[in-house]
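Heads up: the structure comes next, in structure tokens.
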There are 2 protein chains.
Amino acid sequence: MKAVTMADVARLANVSKSTVSQYLNKRFDYMGEDTKKRIEETIRELDYRPNIVARSLKQKSTTTIGVIVANILHTFSSQVIRAIEDICHESDFHVIVCNADDNPVKERKYIEMLRAKQVDGMIILPTGDNVDIYNEMFDEKYPIVFVDRTVGEIPIPSVILNNEMAADLGVQHFIDNGYKKIGIITNVIRNITPRRGRVNGYKKALENNKISINEQYIKNLEIGKVQEGLKDLLALEEPPEAIIAGNDLILIEVLKYVKSKNIRIPTDLAVIGIDDVSFSTFYEPALTIVEQPAYEIGKKAAELLLYEIQKKELHGENAIYQFEPKLVVRESSKRIGNSVHTIE
Amino acid sequence: MKAVTMADVARLANVSKSTVSQYLNKRFDYMGEDTKKRIEETIRELDYRPNIVARSLKQKSTTTIGVIVANILHTFSSQVIRAIEDICHESDFHVIVCNADDNPVKERKYIEMLRAKQVDGMIILPTGDNVDIYNEMFDEKYPIVFVDRTVGEIPIPSVILNNEMAADLGVQHFIDNGYKKIGIITNVIRNITPRRGRVNGYKKALENNKISINEQYIKNLEIGKVQEGLKDLLALEEPPEAIIAGNDLILIEVLKYVKSKNIRIPTDLAVIGIDDVSFSTFYEPALTIVEQPAYEIGKKAAELLLYEIQKKELHGENAIYQFEPKLVVRESSKRIGNSVHTIE
DNA sequence: CTGAAAGCGCTTACAG
DNA sequence: CTGAAAGCGCTTACAG
């Protein structure tokens with residue numbers, strides 16, 4: 001099938017390419033009714049479809065954005081992408097999805113390729129290790145929005161969770177339920193900034209309640225080391241009675257460990273997870289979760305980016321948009337049976 | 001930042017655009033060493049980056065493909081996309097992801113937009129309701145691969161699960177464990193073809209074992225109606241003692257119901273799910289699952305598509321590539337306690 | 001070994 | 001109300 005071009009349409013309809021172009025762009029202001037009709041019919045007859053690549057070259061806009069995540073298989077990422085795609089679809093933008101696997105080299109390559117392909121902007125869950133390119137893009141006023149993490153001193157708009165609050169909500173809830181020996185496990189690799197925020201929130205919540213911080217209760221582990229870390233934690237002289245899982249993957253590791261050791265939740269160990277999981281409501285016991293509004297975060301990021309692309313403003317706002325987590329109390333964080341506390 | 005173009009490089013390096021182009025395309029056969037050096041330096045100096053849109057216009061290839069799924073939030077879809085993206089990345093292709101939400105109108109719009117953007121091919125989890133476009137694309141030799149479902153009579157290569165086998169594996173396992181009253185719940189909306197295959201497999205397995213088919217045991221429901229359907233099922237005079245959940249979403253609904261009614265698995269009701277879930281190993285009891293090789297399926301689809309794009313062959317192969325599911329036995333399908341069977 | 005020229009399929013002032 | 005012409009930034013025969 002040799003492609004039908006605008007020139008073909010013009011010839012058959014006995015008008016110039018300009019006029020066909022006007023028609024396509026719905027600039028009918030000065031177009032004769034019959035010209036319009038003729039073009040319309042010819043287009044249908046030839047089954048003509050405009051070549052957007054040609055238009056993009058001229059207009060310097062591809063109505064396409066790039067999204068770089070660590071891994072689309074992470075629930076958070078897929079929710080963010082879904083939201084971005086929804087918002088983009090409303091404005092007839094498309095989204096190219098890239099998995100950087102927390103690998104700065106891969107991230108760099110994707111960024112360069114995406115720019116070469118002239119995407120109108122990017123939303124990145126940054127590895128954080130390509131500060132030079134981030135800066136270069138910022139200087140060139142290239143539209144870009146970060147999600148999930150902020151990066152150092154670069155004033156690029158970032159949409160993130162209030163991570164301190166996330167941990168604080170969990171810890172405070174434990175304390176309110178009579179727990180004092182509370183541990184937290186976070187993930188080294190993924191999400192450096194979120195982890196720091198979560199650990200800070202954890203510490204502050206304890207301080208606010210005049211509970212001294214036990215550094216042994218704070219574990220920062222690769223996902224493959226969580227089982228081991230838990231073992232160490234529970235082998236302490238005074239093991240924690242409650243634990244915060246810093247994200248969904250860690251929660252899963254915790255639950256695997258719990259099952260393998262026949263530990264009862266919450267009797268032996270109370271658990272709260274940050275990030276929702278598909279089984280939180282029907283797991284036995286149902287899981288108390290600090291939920292992250294992933295869809296809202298992705299939506300906001302897309303809105304910011306499209307705004308920046310379309311209005312050419314907003315640049316250098318350096319705004320950090322923080323979303324609030326929500327504590328959903330279920331059974332896994334219930335107060336300790338033999339609590340001496342008599343809170344209600 | 002006014003973009004640097006090839007013309008700028010050519011001027012500064014004192015060569016023609018042709019030569020710069022040769023350089024970029026690594027056609028060094030006849031290029032003088034110093035010319036090469038000069039171009040290389042100039043490119044670095046100017047921080048020149050080729051505009052791929054311009055190249056695409058000329059070469060009629062965007063090194064971009066489109067993927068249309070129902071919803072990226074479904075585990076299967078995200079695994080398929082991840083695989084596709086991995087394979088494409090190896091060949092420096094990018095992938096545009098679209099969510100059609102099982103909506104033929106949305107699907108049609110995406111297909112048209114993607115073609116207008118000149119993507120080199122598409123991988124579609126088809127709604128099945130746009131046979132006219134599928135046919136049109138097929139006739140135009142537009143590279144396209146279906147995943148998860150085949151569509152009627154169109155000879156477009158399709159990569160799918162052996163759905164009959166999936167259900168058969170589950171049913172046979174139940175039977176081997178002494179179960180005879182076996183129900184199956186499938187999803188109306190999603191995956192029409194897979195559902196039919198699974199129900200067929202279910203029936204055949206029963207027939208092979210000379211167990212008569214009870215139509216009341218076959219439920220075909222929207223996801224929101226699963227709870228209700230389960231209730232009906234278990235209220236039958238002779239309720240099923242074992243159940244196959246036709247996909248991950250249904251399995252989740254089953255587990256919710258089970259929890260709300262304090263039904264014990266497998267004692268009161270044995271369960272097998274088709275499609276893996278994140279909690280299969282540590283759910284109590286651990287879940288027996290018929291796993292679908294989603295990543296492999298996506299990989300195959302991408303390989304087929306890239307092959308078709310690059311070699312311009314394979315068209316009209318009408319091949320249906322079926323992948324085999326795998327039964328992973330855990331605790332939720334254990335033999336009935338009071339079984340009169342004495343199979344080992 | 002390198003350059004001039006045409007062309008990919010559009011859009012957009014500008015002229016009439 | 002419509003058309004001729006230039007141009008977006010590349011690639012590619014072709015000539016020399």
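In what follows, chains are A, B, ... by sequence order, proteins preceding strands, each numbered from 1.
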message: Expressed as a whole number of angstroms, how long is the span from A/Ile52:CD1 to C/dT11:C1'?
response: 14 Å

query: Between B/Val15 and B/Lys60, which has a closest nucleotide on DNA chain C that is more 5'?
result: B/Val15

Distance, rounded to the nearest Å, where A/Lys117 contributes NZ and D/dC8 contributes P: 23 Å

task: Is it possible for you to check whether A/Arg82 lies under 6.0 Å from the centre of the six-membered ring of A/Tyr295, through NZ or CZ, and within 45° of that ring's axis?
output: no

message: Does B/Asp8 reach a base, just sugar-phosphate, or nothing at all? Heavy atoms under 4.0 Å.
response: nothing

- prompt: How long is the line joining CZ of B/Arg55 and C1' of C/dG9, in whole Å?
  reply: 18 Å

query: Watson-Crick or G-U wobble partner for D/dA4, using a 3.5 Å limit on both distances?
result: none

- request: Verify whether one side chain among B/Lys117 and A/Thr62 offers a donor that lies under 3.5 Å from an acceptor in the other.
  value: no

query: How many Å lie between CD on B/Gln22 and P on D/dT11, as a whole number?
result: 9 Å

- request: Side chain of A/Lys58 only, please: which of C/dA4, D/dT12, D/dC8 is the nearest?
  value: D/dC8

- request: Output the single nucleotide from D/dT2, C/dT2, C/dT12 whose closest atom is nearest the side chain of A/Thr35.
  value: D/dT2

A/Tyr23 vs D/dC1: side-chain N/O to OP1/OP2 distance below 4.0 Å: no

field: Whole-Å gap separating P (D/dT2) and CD1 (A/Ile39)
entry: 8 Å

query: Between B/Ser21 and D/dT11, is there a side-chain N or O to OP1/OP2 distance below 4.0 Å?
result: yes

message: Side chains of B/Ser16 and B/Thr19 only: does a donor on one sit below 3.5 Å from an acceptor on the other?
response: yes

message: Can you measure A/Arg11 atom CZ to D/dG3 atom C1' for me and round it to whole angstrom units?
response: 16 Å

task: Measure the distance from NZ on B/Lys36 to C1' on C/dT2 and round it to the nearest whole Å.
output: 16 Å

- line: Of D/dT12, C/dT11, C/dG9, the nucleotide closest to the side chain of A/Thr5 is C/dG9

field: Given D/dC8, D/dA5, D/dC10, the nucleotide with the shortest approach to the side chain of A/Ser18
entry: D/dA5

- prompt: The side chain of A/Thr19 lies closest to which of these nucleotides: C/dT12, D/dC10, D/dG3?
  reply: D/dG3

message: For the backbone of B/Glu40 and the side chain of B/Thr42, can you confirm whether one donor and one acceptor N or O come within less than 3.5 Å of each other?
response: no

statement: Testing C/dC10, D/dG3, D/dG9 for proximity to the side chain of A/Ala54, the answer is C/dC10

- request: Over all heavy atoms of both residues, which pair between A/Val159 and A/Val145 is shortest? Give the atoms and the distance, please.
  value: CG2-CG1, 4.1 Å

- prompt: Does a nitrogen or oxygen in the side chain of B/Asn51 sit under 4.0 Å from OP1 or OP2 of D/dC8?
  reply: no

field: For atom NZ of A/Lys17 and atom P of C/dC10, their distance in whole Å
entry: 9 Å

